[in-house]
Number of protein chains: 2
Amino acid sequence: MPRKGPDPGGAGPHAGRPTIGDIAESLGLSKAAVSYALNGRPGVGVRTRERVLAAAEELGWHPSNSARVLRGADAGVVGLVLSRDPELLTFETFFVHFLAGLEKVLAERGSSLLLRVIGDHPDEEIATYRRWWGERRIDGVILLDERFRDPRVAQLAALRIPAVLCGGPLKDWTMPALWTDHAADAETAVEHLQALGHRRIAHIGGPMQFVHERSRRRGVRRAAARRGMQVVCVESGYTGPAAARHTHEVLGVDAGERPTAVVYGSDVMAANGLAAIDELGLDVPGDVSVLSWDDSQLATLIRPSVSALRRDNLAYGALAGGCLADLVQGHNRGAVQLPASTLEVRDSTGPARTAG
Amino acid sequence: MPRKGPDPGGAGPHAGRPTIGDIAESLGLSKAAVSYALNGRPGVGVRTRERVLAAAEELGWHPSNSARVLRGADAGVVGLVLSRDPELLTFETFFVHFLAGLEKVLAERGSSLLLRVIGDHPDEEIATYRRWWGERRIDGVILLDERFRDPRVAQLAALRIPAVLCGGPLKDWTMPALWTDHAADAETAVEHLQALGHRRIAHIGGPMQFVHERSRRRGVRRAAARRGMQVVCVESGYTGPAAARHTHEVLGVDAGERPTAVVYGSDVMAANGLAAIDELGLDVPGDVSVLSWDDSQLATLIRPSVSALRRDNLAYGALAGGCLADLVQGHNRGAVQLPASTLEVRDSTGPARTAG
DNA sequence: GCAGTCTACTGAACTGGTTAAGTGGACAAT
DNA sequence: ATTGTCCACTTAACCAGTTCAGTAGACTGC
C-alpha cells in the first residue's frame with residue numbers, strides 16, 4: 001500500500017518505515033534476536049545488542065503499535081468524549097486546562113489521548129466508547145460531567161471498560177472516582193457572604209441534570225440554613241441569556257425581599273448576571289454582591305471583577321490521568337477527593353447594605 | 001492477556017471482545033467467508049451473509065483496528081499537537097471551537113483525533129509526529145500556529161507525513177495550506193476606523209514569531225499608508241500584563257501625538273488594554289477607540305463591549321479536517337483560502353475626537 | 001572424552017483481519 | 001457425455017511484532 005502523492009521511488013519499505021525484519025536482515029540476524037535486543041531482554045550478546053540498537057536508530061525504526069496491540073499489548077491510548085456545547089466559555093477554559101493536565105500525565109506514562117467532540121448526546125458517547133473498545137483502540141476512558149442517574153457508568157461497567165469518573169463517588173460501583181466536596185466549597189462561599197453581613201442570598205445554578213449542580217445547591221441550602229440565612233435557589237442554564245433572565249426574576253422584587261448577594265454557577269453566568277443587575281438599576285457590590293462558582297480570566301477582566309471559587313483544573317486533569325493510568329495497570333485508587341476550592345475575593349462582593 | 005480487576009470467569013475471549021474467528025466457528029464457516037460477508041464483498045451467499053451479520057451483531061463484534069492497520073489499512077486517526085500555553089484565554093476559545101469543527105468532519109469521514117498538549121517546544125512537537133507516524137498510529141497531522149521560518153514544514157515533508165498547514169500558503173511546498181487574507185481583514189479594520197475619522201492609529205499585536213502576526217502588521221501598515229493615516233506598530237505578547245504595558249507605552253504621550261485608536265491582536269489583549277487605558281485617565285471610545293482582532297464572548301461581556309474582527313473557528317477546524325481527510329485519500333487541495341473575517345461593531349469604537 | 005550447562009542465537013507459531021488462489025459442486029451449453 | 005462457467009466457499013499467506021521451544025557451539029567438570 002504505497003502512500004499517495006509525490007512519491008517517486010519511495011525510498012524503502014512502507015514509505016520509509018523500517019520493520020524489525022529490515023534490521024534483522026541488515027545485520028544477518030533473526031527477527032527474534034532483534035526483538036530481544038530492542039526490548040532489553042536476555043538472550044543476546046552485548047555486542048549484538050549494540051549493533052541492533054545502532055541500526056534501529058540509524059534506520060529510524062519505531063515499533064508498529066498495531067503489531068504490538070495485536071499480540072496483546074495495551075493500546076497506549078485513553079479515550080475522552082466531550083458531550084457539551086463548545087460555545088460555553090466556562091467549559092472552554094475548564095476543558096483546555098483539564099486536558100492539558102490530563103495529557104501531561106498520560107504522556108509521562110506513555111499514553112496518548114483519543115478525543116471526540118460531540119453535542120450533548122449520551123447515547124452517542126457510549127457508542128463511541130463501545131466502538132473504540134471493541135476496536136482495541138483504547139485502554140480506558142475518562143468520564144466527565146456526571147449526570148443524575150448517569151447511564152454511562154453502568155454501561156461501561158457492563159462492557160468492562162476501565163473508566164475514571166469525574167464526579168461521584170458512587171455507592172454501588174467500584175469505578176474510581178474523583179470527587180469534589182461541594183458542601184465544603186458552599187461553606188466557603190456562604191461564610192464569606194455571612195461575614196459581609198448578608199442574610200438573604202440567592203443561588204443561580206446550572207442545569208440540575210448535572211450531579212455537581214445538585215450537590216452545590218444542597219450545599220448552599222444547608223450552609224445558609226445552618227447560619228439562619230434565607231436562600232433562594234434557581235435552576236438556570238450555562239448560557240448568558242438564561243442567567244440574565246433568572247437574575248431579573250430573582251432580583252426584580254421589592255428591596256425588602258431582595259437577596260443582597262447572588263452566587264452564580266459559573267463565570268459566564270456571573271458576567272451576564274452583572275449586566276442584568278446593571279439593567280435593574282442596582283449597584284455591585286453596593287446593592288448586590290456577586291460570587292461565581294468557577295474562576296477564569298473572565299472574572300478578572302470584567303468590571304467589577306468577580307469574586308470566585310477557584311479550582312486548579314490542570315491538577316484535576318492530571319489527577320484523572322493518573323487514576324486512569326493506574327487503573328489500566330490494575331491498580332484501582334477508588335474514591336479520590338479533590339482539593340477544596342479557594343476563594344478569590346475581588347470587587348464584586350462587599351458589605352451588605354444595612355436594612356432600613 | 002486477561003484484563004485486571006474483578007473479572008470472575010471473564011465471559012469469553014479477550015474480555016468479551018469476539019474475533020472474526022469466533023463468528024466463523026459459531027457458524028461453521030471459514031474466517032475468509034466471514035470477512036467477505038462483513039465487508040459487503042462478493043463471494044458469499046445472501047443467506048450466509050445475513051447469518052454472519054446477525055452473529056456479529058449478537059456477539060457485539062468490532063473489527064480490531066490493529067489487525068486492519070497491520071494489513072495496510074489507514075489508521076483512521078489524525079494527530080494534533082498543541083504547543084501553546086493553555087493559560088491563554090484567546091487560545092482556549094479558538095482551540096475548543098477549532099477542535100469541535102475538526103472533530104465533526106473527521107468523525108463524518110471515519111477518523112478520530114489523537115491529541116497531545118505540550119508547552120511551546122517545536123522539537124518535541126516534531127518528535128511526537130515522528131513517533132506517531134513511525135508507530136503507524138496516524139494517517140496525517142494538522143499544523144497549527146505557523147511560525148516564521150517554521151522548521152516543522154520541511155521536517156514533515158522529509159518524513160513524508162501527510163499534513164495540512166493552518167497558515168501559509170508556502171511558495172516552495174506542495175503541502176495543502178489553509179490561509180487567511182490578513183491584508184483584507186486589516187483593510188476592514190482600518191477602513192472602519194478611517195470612516196470614524198481616525199487619522200493616527202496603533203497596532204498592538206502578538207509575538208512576531210507567528211506568521212499571522214507578521215501578516216497582520218504588514219496589512220495594517222499598508223492599509224493605513226494607503227489612506228494617509230499614521231500608524232504605530234508594537235510587538236507585544238498574548239498575556240494581559242504585556243498588553244497593558246505596551247498600551248501605556250503607546251498611549252502615554254502628548255495628546256497631540258497620541259493615537260486615537262488601537263487595534264489589539266486578541267480579545268484578551270484588548271480587555272487588558274481597556275483597563276490600562278482607564279488607568280491613563282482616558283475614555284473609550286471618547287478618547288481612544290479599541291478594536292480586537294479576535295472575537296469571543298469576552299469581547300461582548302466586558303464594558304465597553306469591544307468591536308472585533310470575527311472568524312468562524314468552527315468552520316476553520318472543519319475545513320482543516322476536510323483538507324486532511326482528502327489528503328490522506330490522495331487528494332491534495334492545495335492552498336485554500338478561508339472566508340474573510342467580519343467586523344462586529346460594538347461600543348469600543350466611536351468617532352475620533354476632532355483635533356484641537 | 002563425554003555428559004552437563006550456559007550463552008547466543010534461530011525457527012516457528014501466534015495475534016485478527018484481508019485477500020489471492022484454489023476447490024468442489026451445480027448448472028448450462030454443446 | 002463432455003466441457004465450460006459460475007457460485008459459494010476454503011486454504012493459506014501476509015502484515016510486524018512477541019515469545020516459546022529448540023539448537024549449535026563453547027566451556028566446565030570429572
Side-chain angles (χ1 to χ4, degrees), chain A residues 1-3 12-52 55-56 59-76 131 133-137, chain B residues 1-3 12-53 55-56 59-76 133-137:
Chain A
M1 48 118 229
R3 285 270 137 205
H14 297 95
R17 287 180 289 191
T19 70
I20 220 169
D22 296 327
I23 299 176
E25 200 178 349
S26 79
L27 298 176
L29 287 166
S30 67
K31 278 169 45 179
V34 174
S35 176
Y36 290 140
L38 289 169
N39 291 296
R41 312 192 76 113
V44 263
V46 185
R47 183 83 191 88
T48 308
R49 190 180 303 272
E50 279 169 10
R51 286 169 59 219
V52 169
L59 292 171
W61 176 84
H62 290 270
S64 156
N65 190 53
S66 316
R68 283 190 162 165
V69 172
L70 196 54
R71 271 300 299 222
D74 281 346
R131 190 167 55 75
W133 179 252
E135 291 173 353
R136 281 83 161 169
R137 281 181 193 269
Chain B
M1 51 119 227
R3 285 270 140 205
H14 297 93
R17 288 180 289 191
T19 71
I20 219 169
D22 297 327
I23 300 176
E25 200 178 348
S26 78
L27 298 175
L29 288 166
S30 67
K31 279 168 46 179
V34 174
S35 176
Y36 289 139
L38 289 169
N39 290 296
R41 312 191 77 112
V44 263
V46 186
R47 182 83 190 88
T48 308
R49 190 181 303 273
E50 280 169 7
R51 287 169 57 219
V52 170
L53 292 176
L59 293 171
W61 176 84
H62 289 269
S64 156
N65 189 53
S66 317
R68 283 189 162 165
V69 171
L70 196 54
R71 265 309 294 234
D74 282 344
W133 177 253
E135 292 173 352
R136 281 82 160 170
R137 282 181 193 270

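We name chains A, B, ... by the order of the sequence lines, and we start the count at 1 in each one.
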Selected nucleotide, minimal atom distance to [X] side chain, candidates [options]:
{"X": "A:Ala32", "options": "C:dT18, D:dG17, D:dT19", "value": "D:dT19"}
{"X": "A:Thr19", "options": "D:dT10, C:dG17, D:dG17", "value": "D:dG17"}
{"X": "B:Ala33", "options": "D:dT18, C:dT10, D:dT10", "value": "D:dT10"}
{"X": "B:Ser35", "options": "C:dT19, D:dT19, D:dC9", "value": "C:dT19"}
{"X": "B:Arg68", "options": "D:dA16, C:dT18, C:dG16", "value": "C:dT18"}

For atom [atom1] of [X] and atom [atom2] of [N], their distance in whole Å:
{"X": "A:Leu59", "N": "D:dG17", "atom1": "CG", "atom2": "P", "result": "12 Å"}
{"X": "B:Glu135", "N": "D:dG17", "atom1": "CD", "atom2": "C1'", "result": "13 Å"}
{"X": "A:Arg137", "N": "C:dG16", "atom1": "CZ", "atom2": "C1'", "result": "15 Å"}
{"X": "B:Arg136", "N": "D:dA16", "atom1": "CZ", "atom2": "P", "result": "6 Å"}
{"X": "B:Leu29", "N": "C:dG17", "atom1": "CG", "atom2": "P", "result": "15 Å"}
{"X": "A:Arg51", "N": "C:dA8", "atom1": "CZ", "atom2": "C1'", "result": "13 Å"}
{"X": "B:Asp74", "N": "C:dT18", "atom1": "CG", "atom2": "C1'", "result": "15 Å"}
{"X": "B:Arg41", "N": "D:dC7", "atom1": "CZ", "atom2": "P", "result": "16 Å"}

Check your understanding: Hey, what do you get for CG (B:Asn39) to OG (B:Ser35), rounding to the nearest 0.5 Å?
Key ->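 Reported value, rounded in 0.5 Å steps: 4.5 Å.
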Review point. Between B:Ser66 and A:Ser30, which has a closest nucleotide on DNA chain C that is more 5'?
Key: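 Counting from the 5' end, the first nearest nucleotide belongs to A:Ser30.
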Review point. In terms of the nearest nucleotide of DNA chain C, which residue is placed more toward the 5' end: A:Lys31 or A:Gly45?
Key: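 In this pair, the answer is A:Gly45.
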Exercise for review: Check whether the side chain of B:Tyr36 and the base of D:dC7 form a donor-acceptor pair under 3.5 Å.
Suggested key: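 Under the 3.5 Å cut-off, the side chain and the base do not form any donor-acceptor pair.
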Check your understanding: Taking atom types as they are modelled, is there a donor-acceptor pair under 3.5 Å from the base of C:dT18 to the side chain of B:Arg71?
Key ->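 Side chain to base: pair present.
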Could you check if a side-chain atom of [X] sits within less than 4.5 angstrom of a side-chain atom of [Y], using non-hydrogen atoms only?
{"X": "A:Trp61", "Y": "A:Asp22", "value": "no"}
{"X": "B:Trp133", "Y": "A:Arg17", "value": "yes"}
{"X": "A:Val44", "Y": "A:Val52", "value": "no"}

Review point. Between B:Arg49 and A:Trp61, who's closer to the 5' end of DNA chain D by nearest nucleotide?
Key: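 In this pair, the answer is B:Arg49.
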**Study point:** Most 5' of B:Thr48 and A:Leu38 on DNA chain D, judged by nearest nucleotide
**Key:**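 Here B:Thr48 is the residue nearer the 5' end.
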Point to revise | Any donor-acceptor N or O pair under 3.5 Å, side chains B:Asn65, A:Arg136 | key: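 Per modelled atom types, B:Asn65 and A:Arg136 side chains form no pair under 3.5 Å.
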Check your understanding: Side-chain N or O of A:Asn39 less than 4.0 angstrom from OP1 or OP2 on D:dT18?
Key ->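 Affirmative; the distance criterion is met.
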